[in-house]
Protein chains: 2
Amino acid sequence: MTSSPRPLDATQLGAYFALIEASSLLKHAVEQQLREAGDLSYVQFQLLATLGDSDTGSRRMTDLADGVVYSRSGLTYQAQTLESRGLVTRTPSADDERSVTVTITAEGSAVLAAVFPGHVGLLDHLLFAALSRADIEALADVLGRARDHMRQNPPRSAAPRRRKKADPAG
Amino acid sequence: MTSSPRPLDATQLGAYFALIEASSLLKHAVEQQLREAGDLSYVQFQLLATLGDSDTGSRRMTDLADGVVYSRSGLTYQAQTLESRGLVTRTPSADDERSVTVTITAEGSAVLAAVFPGHVGLLDHLLFAALSRADIEALADVLGRARDHMRQNPPRSAAPRRRKKADPAG
DNA sequence: CGCAGTTGCTTCGAATCCGAAGCACCGTCA
DNA sequence: TGACGGTGCTTCGGATTCGAAGCAACTGCG
């Protein structure tokens with residue numbers, strides 16, 4: 001049953017733990033800053049930032065979910081919340097009648113702008129303060145490649161959909 | 001109000017996004033593997049692993065919570081769940097009557113051993129496959145320092161406790 | 001066209017998570 | 001000893017999360 005993979009060496013274990021711990025600590029800290037600055041959860045901020053980053057300020061639900069690594073149903077919930085607060089709008093897509101286009105509003109942009117300086121400040125003090133220029137470049141490079149690799153090998157998160165018929169690989 | 005911090009440059013932004021995305025993708029994938037292999041959530045696995053790593057197989061609740069970056073109340077919930085499944089025991093501490101000592105059981109160790117090979121295999125294929133030896137060493141080094149820095153500057157997570165007296169800033 | 005399989009999103013139910021408040025014990029100071 | 005603030009954990013209430021199931025629209029094939 002177990003394919004008995006090579007056990008991880010100390011460096012690999014260190015990298016893994018450091019990745020999980022660092023991201024958890026950072027997320028935690030950022031979440032508090034966002035909550036105080038603009039009453040946003042981390043996901044909500046990610047969604048607004050993703051939309052703000054887009055040329056049109058719009059994205060499809062599915063693309064948003066994939067972008068922030070979130071479940072579809074979770075995104076529906078958050079989109080409803082953001083819409084009720086007037087930070088985004090949801091409109092049926094012209095192309096595809098099934099699809100819903102989420103667009104950031106002026107107020108959404110305002111909230112984003114309001115929390116952003118504090119967000120950047122926190123990152124500066126908490127994450128980048130301990131790192132050199134070369135460290136940051138290495139981080140961007142290595143983690144960027146890791147991310148790309150994982151995006152290409154979706155273990156099952158972003159997999160299209162659980163098929164009904166038996167898995168041919170089984 | 002806003003202290004107008006230097007905006008982040010492209011490399012910093014890339015490092016930040018890559019960190020969040022990579023950790024999210026990895027967590028997501030690991031969570032599925034753990035669910036299938038031993039019906040464990042990620043936190044539960046982290047807790048068992050932390051206990052298993054200890055010489056005595058025991059830790060205080062607070063130390064566990066800090067270790068895995070979790071709320072106290074959340075840890076209480078998980079400890080109850082793990083206890084009801086017979087994977088850990090909870091006993092009042094001899095030293096301090098308030099304190100609760102959590103100890104991993106033989107069955108807990110067995111579950112841990114059962115999921116571990118798959119866990120390692122997943123890390124190998126998903127995270128380390130895309131990285132060179134030097135990459136992994138850099139990751140462990142840089143993220144390790146970042147983690148240590150963040151642990152020393154608890155933004156408010158591990159802060160002792162919200163005071164009762166009115167906030168002087170108000 | 002009409003059917004079958006697929007995709008995009010929402011609803012539903014249950015599990016999980018957190019902060020605030022509460023309770024009990026600990027340590028210090030007089 | 002007795003008061004008092006600090007610490008460790010749990011309970012409580014509400015918000016958030018996910019997977020499974022459901023519904024509607026799209027696509028390919030004859």
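At least one side-chain nitrogen or oxygen of A/Q78 sits closer than 4.0 Å to the OP1 or OP2 atom of D/dT17. Put simply, B/Y77 has no side-chain N or O that comes within less than 4.0 Å of OP1 or OP2 on C/dC17. In terms of phosphate contacts, B/Q80 brings no side-chain nitrogen or oxygen within less than 4.0 Å of OP1 or OP2 of D/dC9. Residue B/R90 has a polar side-chain atom (N or O) positioned under 4.0 Å from OP1 or OP2 of D/dT10. Taking only side-chain nitrogens and oxygens, B/R60 comes nearer than 4.0 Å to OP1 or OP2 of D/dG8. Neither OP1 nor OP2 of C/dC18 sits under 4.0 Å from any side-chain N or O of A/Q32.
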task: Could you go through the salt bridge (charged side-chain N to carboxylate O under 4.0 Å, His left out) check for B/D9 and A/R133 one step at a time?
output: CA-CA 11 Å; B/D9 60 49; A/R133 187 78 213 159; 2.8 Å; yes
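Among the heavy atoms of the strands, none lies under 4.0 Å from A/R35. Among the protein residues, A/S99 comes within range of the sugar-phosphate backbone only, with heavy atoms under 4.0 Å from sugar or phosphate atoms but none that close to a base. Among the atoms of the strands shown, base atoms are found under 4.0 Å from some heavy atom of A/S73. The residue B/T62 sits close only to the backbone: its heavy atoms come under 4.0 Å of sugar-phosphate atoms, none of a base.
Remark: the A/D135 side chain and the A/S132 side chain contain an N/O donor-acceptor pair separated by less than 3.5 Å. For the residue pair A/Y16 / B/H119, a side-chain donor-acceptor distance below 3.5 Å is found, with atom types taken as modelled.
A salt bridge does not link B/K27 with B/E31: every distance from a Lys NZ or Arg NE/NH1/NH2 to an Asp or Glu carboxylate oxygen is 4.0 Å or more.
The side chain of A/T76 lies closest to C/dC9, out of C/dC9, D/dA25, D/dT10. Checked against D/dT16, C/dT10, D/dT10, the side chain of A/Y70 finds its nearest nucleotide in D/dT16.
What separates CE of B/M61 from C1' of D/dG8 is a distance of 9 Å, to the nearest Å. Across the protein-nucleic acid pair, B/D95 atom CG and C/dC25 atom P stand 16 Å apart, rounded to whole Å.
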